[in-house]
Amino acid sequence: MTSTDDADGQDLLGHVLLPVANEEDAFATAMALEPYEPEHVTALHVVEKGEGVPDKTPVEQSEELASESYAAVRRVFPDANDHTAYARDIVGAIFDAADGVDASAIAYRSRGGNRIMQFLSGDLSLKLVTNAHLPVIALPREDSSE
């Protein structure tokens, strides 16, 4: 698939930031991106920090989860870079990471869930696509009935 240039003349799929949550999600997201043939991929795992309250998971466990996620992405994109962010604001961390690695776009696969789960999570997908300052690519889900 041929990518198009954005307004700055940068190739849309020149350097794609790929946020991933866990090993299974990372592999499924990488597989969804693979047909579009990005030139370069950086996998991102955000470790959610509590800011004054205990973290949801121990840092060591979160870093192991990130490492497993990166390995899953590399099964599809062997030359992929990885980037780990530590933040309370997941979407803000994604935008910061995109700037930090000079990404041309952010590609993500919605994690689904019912409306109540989306409401309780603050609907990260909605925040991601409406607040972005660079292109956001919503990848198709295999189980698109969700």
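Quick note: residue numbers are just sequence positions, from 1.
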Requested in this report: Just do the side chain to side chain contact (heavy atoms under 4.5 Å, CB included) check on E48 and I90 with the steps written out, would you?
Outcome: CA-CA 7 Å; E48 194 170 0; I90 304 275; 4.1 Å; yes
Query raised in the report: Does the side chain to side chain contact (heavy atoms under 4.5 Å, CB included) test come out yes or no for N81 and V41, once each step is laid out?
Result: CA-CA 6 Å; N81 288 344; V41 173; over 6 Å; no
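- With respect to R74 and D79, no salt bridge is recorded, no charged nitrogen being found less than 4.0 Å from a carboxylate O.
- Scanning for side-chain hydrogen bond (donor to acceptor under 3.5 Å, both in side chains) contacts around H83 gives an empty result, with sequence neighbours left out.
- Within the 4.5 Å cutoff, the side chain of V101 has heavy atoms near those of the H15 side chain.
- D96 meets the side-chain hydrogen bond (donor to acceptor under 3.5 Å, both in side chains) test with no other residue; sequence neighbours excluded.
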List the atom pairs, with distances to 0.1 Å, where a side-chain N or O of residues 17-24 and a protein N or O form a donor-acceptor pair under 3.5 Å, not counting sequence neighbours.
{"from": "N22", "atom 1": "OD1", "to": "E24", "atom 2": "N", "distance (Å)": "3.2"}
{"from": "N22", "atom 1": "OD1", "to": "D25", "atom 2": "N", "distance (Å)": "2.8"}

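- F95 is linked by a ring-ring contact (aromatic ring centres under 6.0 Å, His included) to H133, counting only residues two or more places apart in sequence or in another chain.
- Minimum heavy-atom separation, H45 to S62: NE2-O, 3.9 Å.
- Shortest non-hydrogen contact noted between I94 and L128 is CG2-CD1, 3.9 Å.
- Among residues two or more places apart in sequence or in another chain, the side-chain hydrogen bond (donor to acceptor under 3.5 Å, both in side chains) test is passed with S69 by none.
- When all heavy atoms of G92 and D89 are compared, the pair lying nearest together is N-OD1, 3.1 Å.
- At least one donor-acceptor pair under 3.5 Å links the side chain of S104 to the backbone N or O of D11.
- When all heavy atoms of R109 and T29 are compared, the pair lying nearest together is NE-OG1, 3.5 Å.
- Of the inter-residue distances, the one linking E39 atom CD with L13 atom CG reads 8.0 Å to the nearest 0.5 angstrom.
- At a threshold of 4.5 Å between non-hydrogen side-chain atoms, the residues Y86 and V46 do not count as touching.
- In plain terms, the two heavy atoms of L12 and V16 that are nearest each other are O-CG2, 4.3 Å.
- Taking E34 as the reference, V76, F77 meet the side-chain contact (heavy atoms from CB on, under 4.5 Å) condition, with sequence neighbours excluded.
- No option in V136, L139, L44, I137 other than V136 meets the side chain to side chain contact (heavy atoms under 4.5 Å, CB included) test with Y108.
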